[in-house]
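All remarks here apply to the structure that follows.
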Amino acid sequence: MARLPTQGRATIMRDSCFPEGSSMLDPVLLRAHLTETAARLKTRGFELPVAEIEALEADRKRLATETQELQAQRNARSKAIGQAKARGEDVAPIMAEVAGLGDKLKANEVALAEVQAKLSAIALGIPNLPDASTPVGKDETKNVEVARWGQPRTFDFAVKDHVELGARHGWLDGEAGAKLSGARFTVLRGQLARLHRALAQFMLDLHTGEHGYTECNVPLLVNADTMQGTGQLPKFEEDLFSTMKPYAFAAEHDTVVRQLASKEQIRGLIDACNGLPADAIFDPHGNDGVALDFALNKLGQIVESQRDRYLIPTAEVSLTNMVRDSIVEADALPIRVTAHTPCFRAEAGSYGKDVKGMIRQHQFEKVELVQIVEPSKSFEALEQLTSHAEKVLQKLELPYRKMALCTGDMGFSAAKTYDLEVWLPSQNTYREISSCSNCTDFQARRMQARWRNPATCKPELVHTLNGSGLAVGRCLIAVMENNQNADGSITVPAVLRPYMGGAIAIA
RNA sequence: GGAGGGAUGGCAGAGUGGUCGAAUGCACCGGACUUGAAAUCCGGCAGGGGCGCAAGCCCCUCGUGGGUUCAAAUCCCACUCCCUCCGCCA
């Protein structure tokens, strides 16, 4: 998959998104409470580069102050020139005063921008702080079971897994999926495909009809700003499928590089474009006389034009980012939205895990729940949102347990997460089917998503939550395995029968 | 894919190099008048960052990035998005 060059993200780094020296955590935490923040992050296995941040912060502060002073001087002088001209006076003396200012200011601005870029790069890679109620632990073995619902059924015959059950009538066809797309793709057919659809329909109807969510149909391809808003970029690009046009990029790129004058310039270019594939750049024969500045600028433009879209790994991305760069009125909260979408995941690093069947797919479907709430209500909302996901399993009569994830097992954006794990008879264990998280203000800060707090009349960051309600493919597996009969038929859960033309079982 | 037009504060909309972070109107908030409301009048009203006990001061932002200039909403280049027409298309 094509790797997105860092240059291509120029627009994401814009000031409106990342105010000076800001972090994706509250900037105060990195300035005034650095040691303490580092300790809290360490519980989730993240080493904060404390010394580096301190040094950069000191530089930033100094450069920012100096730059501002110079800017103030320049502005005052320029204004004076304007006024003098209006009065018809001679402006030469003032012009002389301002003479040396430009270069010094420029140098300061460049230095400041460099420091800020470094800080920003660090900040974007820092995960959210775990909430105090999140159990501390290194990995999933330290997750805490908080509830268990339903009794796993006992079978008086040898249970089959979903792959065996799906072999019937070509219901579940991994080979067809592999032929079309490769490993981790599946074709569903016939009654099983319909059951899959029934599950998604049922979930949507439940959440819109009984839980107060608004159904949405959202883009599956989104831009880089959006991916950054919810935390997928820049750190987890390898987990995403992208639609960048690498070949067009390389070809266009080559013609630019050929215009560069020297190897030194090209090396500088590689440094500047840190992250670009070097072999795409390094082609040092060509004409001279073209300024590096021009080439760099041109390069940035090319990269920008080749940057396309990313496939969403979850509808959380599209749903949550709907409030990006906006200020919502207090009476519009809470926002509760849901969508049924395909999800696309590269599954980098999961080689060998769950290779059989459709537990871990590059493409799967999910009904997602998202809430945008005022900060004081987000933990209450997490309990509620999780209960909405649980309701699906309860209505389907699938046994599950609810786990509070520990600090080391939580996702990047989450402050607190509950996983729901459904019972899978063939594996004689509980497997993840939903993950419900309170991201507090972490995503909101990345997105600049705010609400107007009536108490202060000021725009303040909202809190965002998301949860699967549920993963449709895994839910299908759970229904197949838990509801299987000795003859290989599958009993349709009562709540799904209206969606199955009244069928009691599929055979 | 081709041709043209556009992007300014919550909205509408002025502003073609200099006290413009930005007229005016609407909306909104506070006050006056009124028994109350409407109407009218007066005042306030973008976001982010820095300094300060505070009053306040300073910086940045007119789609985005770069350039020209002592000075850019205004001039130049590129990009993005929106609109209109033509072509193609589920």
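In what follows, chains carry the letters A, B, and so on, assigned in the order in which the sequence lines appear, proteins first and then strands, with residues in each chain numbered from 1.
Residue A:Arg87 is classed as having no contact, given no heavy-atom separation below 4.0 Å to the nucleic acid.
When both pairing distances are held under 3.5 Å, B:A71 makes no Watson-Crick or G-U pair with any nucleotide shown. Across the strands present, B:A3 finds its partner in B:U84; the criterion is a Watson-Crick or G-U wobble pair with both atom distances under 3.5 angstrom. The partner of B:G21 is absent, by the rule that a Watson-Crick or G-U pair needs both atom distances under 3.5 Å. Pairing for B:C28 goes to B:G44, judged as Watson-Crick or G-U wobble with the two contacts each under 3.5 Å. Across all strands shown, B:C33 forms no Watson-Crick or G-U wobble pair with both key distances under 3.5 Å. Base pairing of B:A38: no nucleotide in any strand meets the Watson-Crick or G-U wobble criterion (both distances under 3.5 Å). Pairing for B:U16 is absent, with no Watson-Crick or G-U wobble pair whose two atom distances lie under 3.5 Å. Across all strands shown, the partner of B:C57 is B:G50, judged by Watson-Crick or G-U wobble contacts whose two distances both fall under 3.5 Å.
A side-chain donor from one of A:Asn128 and A:Thr440 sits under 3.5 Å from a side-chain acceptor of the other.
Applying the 4.0 Å criterion to OP1 and OP2 of B:G48, one finds that A:Arg450 has a side-chain N or O inside that range.
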Compile the donor-acceptor pairs under 3.5 Å between side chains in residues 99-110 of chain A and protein atoms, sequence neighbours left out, one pair per line.
from     : atom 1 : to       : atom 2 : distance (Å)
A:Asn108 : ND2    : A:Lys104 : O      : 3.4
A:Glu109 : OE2    : A:Gln71  : NE2    : 3.2

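Taking CD of A:Glu316 as the start and CG of A:Leu369 as the end, the distance is 11.5 Å to the nearest 0.5 Å.
The main-chain N or O of A:Val218 is never found under 3.5 Å from a side-chain atom of A:Thr341 such that the two would form a donor-acceptor pair. A donor-acceptor pair under 3.5 Å links the side-chain atoms of A:Thr407 to the main chain of A:Thr43, judged by distance alone.
Using cut-offs of 30° and 60° for the angle between ring planes, the A:His388 and A:His211 rings count as parallel.
In terms of position on RNA chain B, the residue among A:Gln83 and A:Gln71 whose nearest nucleotide sits closer to the 5' end is A:Gln83. Across the interface with RNA chain B, nearest-nucleotide mapping of A:Thr67 and A:Lys61 shows A:Lys61 to be the residue nearer the 5′ end.
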Subject >> Footprint string (nucleotides 68-76 of chain B, 5' to 3'): B base within contact, S backbone only, - free, heavy atoms under 4.0 Å >> reply: --BS-----
